[in-house]
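A short worksheet on the structure shown next.
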Amino acid sequence: MPGLLCPPGQLLALVVLLLQPTGSLEVQCPIPHISNGQLKPAENFTSGSTATLECDPGYTALGATTVRCLASGRWYPRVPACTPGQCSSPPAVDHADLNHRHEFLVGTTLIYSCRHGFTLIPGVSPTTTCLNNFTWSAVPKLCQKVQCPIPVIPHGREISARKSEYTFGHQAEFHCDHGYVLKGSQRTQCSSDGTWRPPIPYCDRVCDPPPKISNGQHSALGTKQFPYGFEVKYTCMEGLSLIGDESIYCTSDNGENLTWSGPAPECRVVRCPKPVVERGRMTPQTFTFPYGVVLQFSCDEGFGLSGAPESQCQADGSWHPPVPTCQPVLCPQPRVACGRLQSPLDDKTWYQINETVTLGCAPGYQFSDDGNMSIEDSWTATCLPDGNWTPLPKCKKEGDADICEEVHYIKSAFECGLPVAEVKALLEIQKLFLEIKKLEVELEK
Ligand SMILES: *[C@@H]1O[C@H](CO)[C@@H](O)[C@H](O)[C@H]1NC(C)=O
Ligand SMILES: *[C@@H]1O[C@H](CO)[C@@H](O)[C@H](O)[C@H]1NC(C)=O
Ligand SMILES: *[C@@H]1O[C@H](CO)[C@@H](O)[C@H](O)[C@H]1NC(C)=O
Ligand SMILES: *[C@@H]1O[C@H](CO)[C@@H](O)[C@H](O)[C@H]1NC(C)=O
Ligand SMILES: *[C@@H]1O[C@H](CO)[C@@H](O)[C@H](O)[C@H]1NC(C)=O
C-alpha cells in the first residue's frame, strides 16, 4: 500500500481531505518559487484555477507557460522554469562578416568586420547586441568600398572614363601628351589597400622625331619615341658627302624641353679641286677628292714645303689649310771662325743647291782636322739639297790653335744665351788657359 509509506501527518490531511464534502473545503496549490519569473495571478491558487508563467525580461519559459492547479494541490504540468533567452541569427550587414557563433544569449555582443576591399565607415560602431526582447540592436551601414586617390598624371591624361571617385577594383588607363613618353604601366587598378597597383605611371619628355634629310637617312627609322640621350646617326646615299655632325642626340636645352643636340647633317656632292704642287707629291694618291679627305704633301729633293704639310677638303669645296707650295731649298752663307770666303766674293746671304764656295783661314791660322793641322790653304764646300753645307773647315792659329777654338766657343756660348754662371766658369777657364800660355812663352825665353 503506497499510503502506508506516507508520514502520519500527511496521511491525516489526506483523510481530512477525503472526508470534506466537495466544494466546502478549497484545495490550494503552493506558491511556487520561480527564478527570473513569476506566475500571474500571483496568489489564490485554488484547485482548478490556471496561472500563466511570465519570465523576467531576457528570459524565456522552459516548457508550457499555462499551468493548472489540480484538485490534488499540485501544478500540472509541473511548474515551468525561466531560462536565459536567445536571439535568432544576427542580421546580415552588407560587405561585412561576423565571427562565427551558434548561440546568441541575451547580452551577447558581436563584432562585424568589413570584407576585402571594404573599410569601416568612420565613426560607426561595428557591433550588435542581443537585447532583452530577443532582437538584435539595429546595425547601421558599416562598410564602404576602399577608395584610391584620384589619379593625376602630369603631361598626360586618363583615357578611361574619368570618375568622381575611384574605389576598389576600378581600373584606370593613361596616355601621355604629345612630346612625352609613358614610363610605367599604362593600366592600373585600385587595390584593396587603397593604393594603385601597379603605381600610376608618369610622362617623361621625349624629343620630336629627328629631322629627315634628302639624299640620306637616319638610324631611327621605325622608332617612335626618342627619350633623353637617344642617338640618331645619319648616312648619305653612296657618292655623297655628309656635311655636319654624323650623329645627333636628344638632349635638354633649358632643363624643360628636349631638343636635338644640333641640326641634322646634309648630304651633298662635295669635290675639292685636285691640288697642284709643283716639285711636290701628295699621299694618298687618289683621283677624286671628296669632302673630308685629308692629303699629306711632300716636296722633291732640293725643295721645301712652304705651308702646312696636311690639308683637308672642306664642305665648301676648298682645301684647308691651303695647299702648300714647294720652294727651292737654299743654304745660308757658310760661317767659319777665323776663316774667310775666298770665292765667290759677291757676299750672298743664300746659296742654291749644288752651288760651291771655297774658304780659307785668316792670316796666321790654318785648317785643323780634330787636332791635325793641314797644310792645305783652301777648302771647298757644296750646298746640299737639305740646306746644309758639306763639312766646313776649322781654322786654328798655327801653334796656338786651341785658343782660337776656345775663344770661338765662348763667343758662340754668348750667342746661344748660356746661363751667366756657366759663361762665367768658361771665362775663368779661358783666363787660366791664357796664363798657362803666357808662362810657357816666358819659360821659352
Ligand atoms: C483570495 O481569496 C480570499 C477568500 O476567498 C479573498 O478574501 C481574497 O481577496 C482573495 N485574494 C485575491 C488577491 O483575489
Ligand atoms: C526590442 O527592444 C528595443 C529596445 O528596447 C526596441 O527598440 C525594439 O523595438 C524592440 N523590438 C521589438 C520587436 O519589440
Ligand atoms: C617648351 O615647349 C613648349 C611647347 O613647345 C613651349 O610652349 C615652351 O615655351 C617651351 N619652354 C621653353 C622654356 O622653351
Ligand atoms: C745637283 O747635282 C746633282 C749631281 O750632279 C744632280 O743630280 C742634281 O739634280 C742637282 N740638283 C739641282 C737642284 O740642281
Ligand atoms: C791626323 O793625321 C794622322 C796622320 O796623317 C792620321 O793618322 C790621323 O788619323 C789624323 N787624325 C784625324 C783625327 O784625322
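Ligands are counted one by one from 1 in listed order, and the atoms in each one are counted from 1 as well.
Between Lys437 and Glu440 there is a salt bridge, since a side-chain N of the basic residue sits under 4.0 Å from a carboxylate O of the acidic one. Salt bridge annotation for Lys141-Asp94: absent, with no cationic side-chain nitrogen under 4.0 angstrom from a carboxylate oxygen. Ion pair Glu165/Lys145 not flagged as a salt bridge, since none of the NZ, NE, NH1 or NH2 atoms sits closer than 4.0 Å to an Asp/Glu carboxylate oxygen.
Using a 3.5 Å distance cut-off with no hydrogens or angles, the side chains of Ser137 and Thr128 do pair a donor with an acceptor.
Short contacts between ligand 2 and Thr135, defined as distances under 4.0 Å to a heavy atom of the residue, involve ligand atoms 1 (C), 11 (N), 13 (C). For ligand 4, the atoms sitting less than 4.0 Å from at least one non-hydrogen atom of Asn354 are 1 (C), 2 (O), 3 (C), 6 (C), 8 (C), 10 (C), 11 (N), 12 (C), 14 (O), numbered in the order shown with element in parentheses.
The protein heavy-atom contact nearest to atom 2 (O) of ligand 2 is Asn133 ND2, 2.2 Å. Considering only non-hydrogen protein atoms, atom 13 (C) of ligand 4 sits nearest to Ile353 CG2, 4.0 Å.
Distance OH/Tyr291 to CG/Leu242: 7.5 Å, rounded to 0.5 Å.
Protein non-hydrogen atoms do not reach within 4.0 Å of atom 5 (O) of ligand 2. Per-atom contact check: atom 9 (O) of ligand 2 does not touch the protein, criterion being a heavy-atom distance below 4.0 Å.
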